Amino acid sequence: MSVIALLSVAPVIEESMASDVADAVEALDEFPVSYETNPMGTVIEADDTETLFTAAQAAHDAVDADRVSTVLKIDDKRARDTTAQEKVNAVEETLGRPARGDSLSSIEESKTKTVKNDE
């Protein structure tokens, strides 16, 4: 697969968007794409831009709301095929470690210790 994108589809509402986002993600199952959803959006891989755009439109259309916000960021690498995982692997190889951090966990842990010490 040579086209990778970050898709974010959400209704513009005050309450939880989980069911609407789930509808958008479920719409992707009708297309020959692979995807992984994370807290900020869904990474999609497709063989070509036509498939990618059609899948993204289906995800957008799947959200039944008065107002829908959709952001699509595309990496269309034309010289050679690559995958999202290969891109992550390249960063991790350069870092010499996984491209993840536990800094949020450390912050929460230090807050918990501070609260316990204050008691």
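Treat the numbers as computed from the prediction; the structure is a model and nothing was measured. Along the sequence shown, the residues carry numbers beginning at 1.
To the nearest 0.5 Å, the span separating CG on L52 from CD1 on I74 amounts to 5.0 Å. The line from CD of E86 to CD of E93 is 11.5 Å long, rounded to the nearest 0.5 Å.
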Under the side-chain hydrogen bond (donor to acceptor under 3.5 Å, both in side chains) rule, what do Q85 and N89 come out as? Steps first, then yes or no, please.
CA-CA 6 Å; Q85 189 57 54; N89 292 347; 2.8 Å; yes
Does the side chain to side chain contact (heavy atoms under 4.5 Å, CB included) test come out yes or no for D23 and D64, once each step is laid out?
CA-CA 9 Å; D23 290 341; D64 184 23; over 6 Å; no
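Follow the hydrophobic side-chain contacts under 4.5 Å out from V9 and you reach I13 in the same cluster. By the criterion of side-chain heavy atoms lying less than 4.5 angstrom apart, applied directly or through intervening Ile, Leu, Val, Met, Phe, Trp or Tyr residues, V43 is not grouped with V88; the two fall into different hydrophobic clusters.
The side chain to side chain contact (heavy atoms under 4.5 Å, CB included) test with I44 singles out one residue from L7, T51, V3, and that residue is L7.
The side-chain heavy atoms of K87 and D75, taken from C-beta on, include a pair separated by under 4.5 Å. Between K77 and S2, the closest side-chain pair of non-hydrogen atoms is not below 4.5 Å.
Not one N or O on the side chain of E45 forms a donor-acceptor pair closer than 3.5 Å with the backbone of S34.
Contact record, A84 with I4: N-CD1, 3.4 Å, taken as the closest heavy-atom pair. Across A65 and P11, no two heavy atoms sit closer than the pair CB-CB, 3.6 Å. Looking at every heavy atom in both residues, A10 comes nearest to M17 through CB-SD, 3.5 Å.
Counting non-hydrogen atoms of neighbouring residues, nucleotides and ligands closer than 6.0 angstrom, the CG atom of D29 exceeds 12 such neighbours. Open room surrounds CD on E36; 12 or fewer heavy atoms of other groups in view lie less than 6.0 Å from it.
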